[in-house]
Protein chains: 2
Amino acid sequence: MMKKQLIMEKALELFAEQGFEATSVKQITDICGISKGAFYLSFKSKDELILALIDHFMEQITSNIDYVVTNSNDESVLHAFYYEIFTSFHKHSDFAKLLMKEQTQSFNDVFLIKMRYYDQLMDKTILNMIERLYGENVEKTKYDLIFCVKGLMHVYSTLFLFNNVPLDVNVLAKTLVEKTNLLAQHTNTPFISKELMETFGQPMSEEMSADQLIDVINQKIEEMEESIEKESLTLLKQELIEPTLGQAIVKGLIENIRNHPHCKWIAFLLRNHFKV
Amino acid sequence: MMKKQLIMEKALELFAEQGFEATSVKQITDICGISKGAFYLSFKSKDELILALIDHFMEQITSNIDYVVTNSNDESVLHAFYYEIFTSFHKHSDFAKLLMKEQTQSFNDVFLIKMRYYDQLMDKTILNMIERLYGENVEKTKYDLIFCVKGLMHVYSTLFLFNNVPLDVNVLAKTLVEKTNLLAQHTNTPFISKELMETFGQPMSEEMSADQLIDVINQKIEEMEESIEKESLTLLKQELIEPTLGQAIVKGLIENIRNHPHCKWIAFLLRNHFKV
DNA sequence: TTGACAAATGACCACTTAGTCATTATTATA
DNA sequence: TATAATAATGACTAAGTGGTCATTTGTCAA
């Protein structure tokens with residue numbers, strides 16, 4: 001199991017540098033110092049590896065952003081959002097590079113669906129934030145705003161990822177907050193209407209069912225040692241099967257598990273499910 | 001020579017769909033209905049093919065944009081800029097897709113240099129436009145503005161290229177003009193300082209020398225049949241060797257060749273050289 | 001020391017790749 | 001028609017690909 005992590009780490013470096021297609025399994029196993037067979041003991045295929053990488057990092061990044069956004073006040077939420085994103089990208093710069101390089105590529109159906117899934121989660125988070133901050137004022141322009149925010153994120157990420165520009169995340173976040181506010185408060189001409197958004201934005205992937213959630217939780221529970229987190233998770237599972245606890249308790253339980261590295265994603269899914 | 005064009009056309013389609021690395025020479029020759037050998041009669045390598053494609057389209061697009069920008073008044077220049085870009089991308093959508101997919105990829109040094117070169121030309125054009133429109137007001141924020149403009153271009157291009165969104169170029173250009181004006185007129189907090197721009201933006205690739213320009217022109221002249229364009233080009237070559245004509249005449253001569261499909265790029269280079 | 005089980009190996013498979021070149025087909029010239 | 005020049009072919013090479021599996025190695029408890 002240690003090996004799986006080693007492979008993911010080293011492969012990520014290679015993917016970031018050369019791209020996924022240009023990196024061979026042989027190259028990966030060589031710098032890991034393991035045999036080809038050992039690789040296929042950890043991953044069924046090269047594709048499975050990149051999918052695992054995407055999930056591993058996107059779950060982390062997505063849930064962190066979501067938490068930060070839902071737990072900041074209106075004054076600070078935009079700044080917190082940008083700050084969190086760029087901090088994540090900076091910390092996991094190899095993954096961020098991989099993401100940039102492969103996001104328009106399309107070798108694999110599963111890959112594509114996964115990318116679209118996380119992209120839609122991001123859209124949702126941004127939209128949420130925008131609606132909360134500007135309300136009715138951006139009714140006509142909010143979809144354009146999503147794209148503007150993503151466009152800004154994209155260029156500035158490229159800038160510091162591929163040009164080793166020294167990064168002061170705080171300043172960067174500040175400038176983008178200013179720009180976002182400007183665009184939100186003064187834009188009048190929309191390009192993306194609600195209808196347009198719906199025609200191309202394949203119906204937002206619906207949420208996970210309670211049953212699916214329970215499966216994921218069961219799997220995690222088995223991996224965990226006894227702890228407050230495990231207890232909280234067990235209670236939350238119970239709540240999924242048969243709701244009895246109040247909102248406050250549920251929220252508290254989710255808060256308990258939120259910082260456990262293995263639970264971040266589940267915490268995110270549960271927050272979404274219980275809408276707390 | 002016809003064959004070269006056929007290969008470029010068909011290869012572009014494949015590259016746009018599958019990416020450069022994922023497309024094999026065999027695939028290209030198959031849909032062209034030619035043999036492998038015939039391919040290597042037109043191109044020394046697969047790499048040379050993609051470089052030729054980049055040059056072919058980027059020369060066209062870059063020179064068109066430059067012309068449009070330098071020949072629009074302050075009222076309309078921003079709109080003209082966006083309109084021209086998106087029209088080009090829409091018209092050559094396969095090439096635009098290729099560009100998006102491969103712009104962060106880095107298989108090849110020559111490729112990388114080429115991409116950076118055209119990217120810098122674009123930066124220059126945008127900067128020019130911004131300085132002209134907003135002057136002193138954007139002294140501190142103009143570099144950020146370049147990136148904002150590129151970020152907006154990027155997301156909206158992705159949107160209509162990969163999501164078959166119906167494209168009303170006029171409306172799109174309008175919304176982006178509004179956004180650009182907003183950002184230019186009200187942004188106060190810069191992220192990219194002049195120094196920062198200089199540290200990462202390897203010294204702007206210096207202009208072509210007069211001698212190099214003459215070489216390029218000589219080559220073109222041979223390919224052309226007798227015409228006003230050819231005569232103009234010959235006179236311009238003379239002017240490069242020994243300046244005798246006035247600005248007005250030079251400008252007129254460049255105007256003469258500007259619409260000849262083979263001369264667009266040369267017209268661009270000459271406009272830059274004579275600064276007319 | 002033995003035996004049982006899991007972990008790890010790397011030769012090997014079938015296939016694909018970019019690129020070459022002796023050979024053949026086509027065209028133009030005399 | 002004969003000859004020279006050019007265009008086009010596709011079998012071939014050498015290297016590499018993702019993936020497999022019979023075999024070896026390592027690690028336990030008995």
Side-chain angles (χ1 to χ4, degrees), chain A residues 1-55 98 101-102 105-112 114 222-223, chain B residues 1-56 98 101-102 105-112 114 222-223 225:
Chain A
M1 291 309 98
M2 228 60 267
K3 198 141 289 175
K4 206 161 176 169
Q5 213 172 324
L6 172 71
I7 293 172
M8 284 172 77
E9 269 171 37
K10 298 295 187 183
L12 181 58
E13 288 171 26
L14 290 171
F15 290 163
E17 204 185 304
Q18 316 171 322
F20 174 71
E21 298 223 60
T23 303
S24 73
V25 176
K26 178 77 164 45
Q27 260 182 304
I28 298 169
T29 56
D30 277 359
I31 77 158
C32 285
I34 61 171
S35 69
K36 211 120 171 269
F39 175 93
Y40 285 94
L41 249 46
S42 293
F43 295 96
K44 274 205 281 295
S45 68
K46 196 184 156 195
D47 277 12
E48 204 192 73
L49 167 58
I50 198 177
L51 293 178
L53 279 169
I54 302 275
D55 274 335
L98 172 64
K101 288 197 178 188
E102 312 295 341
Q105 229 67 33
S106 51
F107 17 73
N108 182 316
D109 274 2
V110 190
F111 177 83
L112 219 118
K114 221 176 247 313
E222 275 175 40
E223 295 171 13
Chain B
M1 290 311 96
M2 229 61 268
K3 198 141 290 175
K4 205 160 176 169
Q5 214 172 325
L6 172 71
I7 294 172
M8 283 173 76
E9 268 169 38
K10 298 293 187 186
L12 181 58
E13 287 171 27
L14 291 172
F15 290 164
E17 206 185 302
Q18 317 171 324
F20 174 72
E21 298 224 57
T23 303
S24 73
V25 176
K26 179 77 166 44
Q27 260 182 305
I28 297 169
T29 56
D30 277 358
I31 77 159
C32 284
I34 61 171
S35 68
K36 208 112 172 276
F39 175 93
Y40 285 94
L41 249 45
S42 293
F43 296 96
K44 276 204 279 294
S45 68
K46 196 185 157 194
D47 277 12
E48 205 192 72
L49 167 59
I50 198 178
L51 293 179
L53 280 169
I54 302 275
D55 273 336
H56 176 81
L98 173 63
K101 288 195 179 190
E102 313 295 342
Q105 228 67 33
S106 52
F107 19 73
N108 181 316
D109 275 0
V110 191
F111 177 83
L112 219 119
K114 222 177 246 316
E222 274 176 39
E223 292 172 15
E225 69 293 357

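FYI, side chains are in, hydrogens and waters are out, and symmetry mates aren't considered; it's all heavy atoms of this structure. Numbered from 1 within each chain, the chains take letters A, B, ... in sequence-line order.
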Quickly work out the B:Glu21 CD to C:dT16 P distance and round it to whole Å.
18 Å
Interatomic distance, CD@A:Gln18 vs CD@B:Gln105, rounded to 0.5 Å, equals 10.5 Å
Distance test, side-chain N/O of A:Lys46 to OP1/OP2 of D:dG18, below 4.0 Å
yes
Would you confirm whether B:Lys101, through its side chain, and B:Ala16, through its main-chain N or O, come within 3.5 Å as a donor-acceptor pair?
yes
Residue list, salt bridge (charged side-chain N to carboxylate O under 4.0 Å, His left out) with B:Glu48, at least two apart or on another chain:
B:Lys44
Could you state the atom-to-atom distance from CG of B:Asp30 to P of D:dT9 in whole Å?
12 Å
Sort me out a list of protein N/O and nucleotides 5-8 of chain C N/O pairs below 3.5 Å, or just none if empty.
unit_1, atom_1, unit_2, atom_2, d
C:dA8, OP1, A:Lys3, NZ, 3.0

Side chain to side chain, A:Ile50 and A:Leu98, heavy atoms closer than 4.5 Å
yes
hbond_proxy A:Lys26 side chain to D:dG18 base (donor-acceptor, 3.5 Å cutoff)
no
Can you confirm whether more than 12 heavy atoms, excluding those of A:Lys114, are under 6.0 Å from its NZ atom?
yes
Quickly work out the B:Leu6 CG to D:dA7 P distance and round it to whole Å.
16 Å
Take the protein atom NZ of B:Lys4 and the nucleotide atom C1' of D:dA7, then report the distance between them rounded to whole Å.
15 Å
Take the C1' atoms of the five end pairs on each side of the helix from C:dA4-D:dT27 to C:dA30-D:dT1, derive the two axes, and give their angle rounded to 10 degrees.
10°
Select base, sugar-phosphate, or nothing to describe what A:Thr23 touches, counting heavy atoms under 4.0 Å on all strands.
sugar-phosphate
Just one of B:Val25, B:Leu12, B:Ile28 clears the side chain to side chain contact (heavy atoms under 4.5 Å, CB included) bar with B:Leu49, so which one?
B:Ile28
Mind calculating the distance between CD (A:Glu48) and P (D:dG19) to the nearest angstrom?
10 Å
Centre of B:Phe20's six-membered ring, under 6.0 Å away, within 45 degrees of the axis: is that where NZ or CZ of B:Lys46 sits?
yes
Could you walk me through whether B:Val110 and B:Asp47 pass the side-chain contact (heavy atoms from CB on, under 4.5 Å) check?
CA-CA 9 Å; B:Val110 191; B:Asp47 277 12; over 6 Å; no
Length of the line joining A:Phe20:CZ and D:dG18:C1', which is rounded to integer Å
10 Å
Whole angstroms only, please: what is the NZ-C1' distance between B:Lys36 and D:dA7?
18 Å
Between D:dG19 (P) and A:Phe39 (CZ): distance, integer Å
8 Å
Tell me whether the NZ or CZ atom of A:Lys3 lies within the 45° cone about the ring axis of A:Phe43 and under 6.0 Å from its centre.
no
With nearest nucleotides of DNA chain D determined for A:Lys44 and A:Ser24 from heavy-atom distances, which residue corresponds to the more 5′ nucleotide?
A:Ser24
